[in-house]
Protein chains: 2
Amino acid sequence: MTGDSRRFAKRETIFAPGEADGDLPKLISGAVILYTLFEDGRRQVLDLAGPGDFLHFDLEGAVDHYAEALMPSEVAYIPGPALLQDTDGAAFMVEQMRDRLAIERRHLTLLSYKSAMDRLEAFVKLAADCLGHDGARVDLPLTRQQIADFTGLTLETVSRTFAQWERDAVLTKIEGQTYLMGAALAA
Amino acid sequence: MTGDSRRFAKRETIFAPGEADGDLPKLISGAVILYTLFEDGRRQVLDLAGPGDFLHFDLEGAVDHYAEALMPSEVAYIPGPALLQDTDGAAFMVEQMRDRLAIERRHLTLLSYKSAMDRLEAFVKLAADCLGHDGARVDLPLTRQQIADFTGLTLETVSRTFAQWERDAVLTKIEGQTYLMGAALAA
DNA sequence: CGCCTCGTTGATTGTACTCAATGGGAGTGG
DNA sequence: CCACTCCCATTGAGTACAATCAACGAGGCG
């Protein structure tokens with residue numbers, strides 16, 4: 001079930017729309033952001049992927065989004081058609097897709113919130129679940145712009161809200177991109 | 001591949017969270033809305049389903065959303081585990097899930113738009129694709145509140161935008177819930 | 001008729017967007 | 001080492017747009 005694998009540097013593009021060759025890219029380690037690009041240059045982040053997640057499920061058709069490494073990452077390429085031949089493999093793939101669907105729906109729910117704070121609270125929790133966290137410690141290897149593109153806000157609003165949270169000790173920057181979630185967020 | 005089937009009246013609940021029995025509900029005819037309910041009573045519409053769509057993919061685990069008929073609908077129950085045993089069946093299911101994922105991502109994109117008009121324009125197109133349309137004629141068997149819950153707006157904003165569109169002949173109400181999309185929307 | 005749900009329209013307010021300027025850190029080259 | 005640049009982040013001021021609160025209208029049904 002393991003196939004070829006490749007390593008990607010931070011900020012490197014793993015694939016772009018239109019590329020698909022029957023192999024399914026599965027993230028072994030690192031973190032990846034999936035997004036689409038509009039004509040006007042705006043980006044919409046579709047998903048975050050952590051170790052174990054598939055980056056797309058297109059066996060043959062054209063993928064319609066970009067994948068970019070948020071940190072040094074390793075990607076394995078699983079032969080898709082072979083996976084489907086096997087009953088256990090098919091069940092595994094269905095389970096993976098169901099998990100993705102559930103994540104997308106949490107993302108949908110996030111975007112339905114009308115206030116910036118509600119959205120960002122949901123974002124931090126979702127990112128923690130997608131990318132992994134150590135208790136109340138979370139890594140957010142995203143730029144403010146990427147967080148904005150994930151939450152449907154502007155980078156300024158994201159910046160202001162995080163600043164407010166730091167003042168209120170809801171979220172504390174430990175160092176770099178690692179934060180400590182306060183009681184209000186840890187739930 | 002066909003199993004039992006059941007008919008549901010308009011506004012009837014097809015299933016609620018927590019119910020799942022290994023059979024996959026597939027919509028034969030009609031239209032269905034999938035949504036979640038928050039503690040505060042707010043609803044978030046997750047998806048619209050038309051003929052041929054599965055209403056969930058949970059073989060055993062608990063479903064986490066509601067399904068409600070938007071019009072008289074018929075639902076077939078496909079034995080899920082049996083479907084997975086078969087190679088063609090598994091491929092079919094994977095394809096269905098991939099389509100759902102694509103729809104959810106369009107929905108995500110819709111919710112990332114900041115203006116009410118952009119969101120509702122994307123909504124009308126998405127609903128047309130999900131529920132079917134006859135050229136520029138589209139049926140929107142949703143209440144204003146349901147459209148609001150789909151787009152993350154309020155029912156007042158939806159009402160105002162539709163009124164504006166009727167004045168500008170962007171969207172014309174033919175009768176009841178059937179509308180005619182103008183050039184601006186037909187794209 | 002009275003009741004209820006759904007939809008429309010109006011007036012006001014608040015929040016996040018927009019435009020704009022400044023600050024800070026990483027990397028490069030003299 | 002310092003000057004320079006570039007990118008990302010922060011902060012400020014003003015504004016626009018949708019949310020909110022509220023009243024009213026239209027249709028369906030017992």
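Each chain gets a letter, A, B and so on, in the order the sequences are listed, and its residues count up from 1. Values below: all heavy atoms of this structure, side chains included; hydrogens, waters and symmetry mates excluded.
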Aromatic plane relationship, Phe162(A) with Tyr179(A) - under 30° parallel, 30 to 60° tilted, over 60° perpendicular: perpendicular
Gln44(A) and Thr109(B): side chain donor to acceptor below 3.5 Å: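 There is no such pair (donor and acceptor under 3.5 Å, judged by atom type) between the side chains of Gln44(A) and Thr109(B).
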Donor on one side chain, acceptor on other, Glu74(A) and Ser5(A), under 3.5 Å: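 Ser5(A) and Glu74(A) do have a side-chain donor-acceptor pair below 3.5 Å.
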Pair Asp47(B)-Arg105(A), salt bridge (charged side-chain N to carboxylate O under 4.0 Å, His left out): steps then yes or no: CA-CA 9 Å; Asp47(B) 212 343; Arg105(A) 286 179 171 169; 3.7 Å; yes
Five-pair end axes of the helix from dC1(C)-dG30(D) to dG30(C)-dC1(D) and the angle they enclose, rounded to 10°: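 Taking the rotation axis at each end, their angle is 30°.
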What is the distance, to the nearest angstrom, from the [atom1] atom on [X] to the [atom2] atom on [N]?
X         : N       : atom1 : atom2 : answer
Gln177(A) : dA26(C) : CD    : P     : 13 Å
Leu111(A) : dA16(C) : CG    : C1'   : 15 Å
Phe162(A) : dA9(D)  : CZ    : C1'   : 12 Å
Leu120(A) : dC17(C) : CG    : C1'   : 15 Å
Tyr113(A) : dA19(D) : OH    : P     : 16 Å
Met117(B) : dC17(D) : CE    : C1'   : 13 Å
Gln164(B) : dT9(C)  : CD    : C1'   : 13 Å

Any ion pair linking [Y] and [X] (charged N to carboxylate O, less than 4.0 Å)?
X         : Y         : value
Arg100(A) : Glu104(A) : no
Glu12(B)  : Arg7(B)   : no
Lys26(A)  : Asp53(A)  : no

Sugar-phosphate only, base, or nothing, as touched by Arg11(A) at under 4.0 Å among non-hydrogen atoms: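 Sugar-phosphate contact only.
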Sugar-phosphate only, base, or nothing, as touched by Arg119(B) at under 4.0 Å among non-hydrogen atoms: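 The residue Arg119(B) makes no contact with any strand.
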Neighbours of DNA chain C within residues 143-157 of chain A, by heavy-atom distance under 4.0 Å: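 Under 4.0 Å from DNA chain C: Gly152(A), Leu153(A), Thr154(A), Glu156(A), Thr157(A).
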Salt bridge (charged side-chain N to carboxylate O under 4.0 Å, His left out) evaluation trace for Arg42(B) with Asp149(B): CA-CA 8 Å; Arg42(B) 260 190 52 249; Asp149(B) 291 342; 5.8 Å; no
Residue mapping more 5' on DNA chain D - nearest nucleotide basis, Lys114(A) or Leu142(A):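 Counting from the 5' end, the first nearest nucleotide belongs to Leu142(A).
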Arg43(B) to Phe38(B), cation-pi by 6.0 Å centre distance and 45° axis angle: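 No; the conditions do not both hold, so Arg43(B) does not lie above the ring face of Phe38(B).
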Is there any protein nitrogen or oxygen under 3.5 Å from a nitrogen or oxygen in nucleotides 23-25 of chain C, and what are the pairs?
none

Phosphate OP1/OP2 of dA13(D) contacted by Arg160(A) side-chain N/O (<4.0 Å): no
Main-chain N/O of Leu180(A) paired with Arg137(A) side-chain donor or acceptor, under 3.5 Å: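 Flag not set: sc Arg137(A) to bb Leu180(A) has no pair under 3.5 Å.
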Steps toward salt bridge (charged side-chain N to carboxylate O under 4.0 Å, His left out) verdict (Glu156(A), Arg160(A)): CA-CA 6 Å; Glu156(A) 293 96 326; Arg160(A) 278 185 244 270; 5.7 Å; no
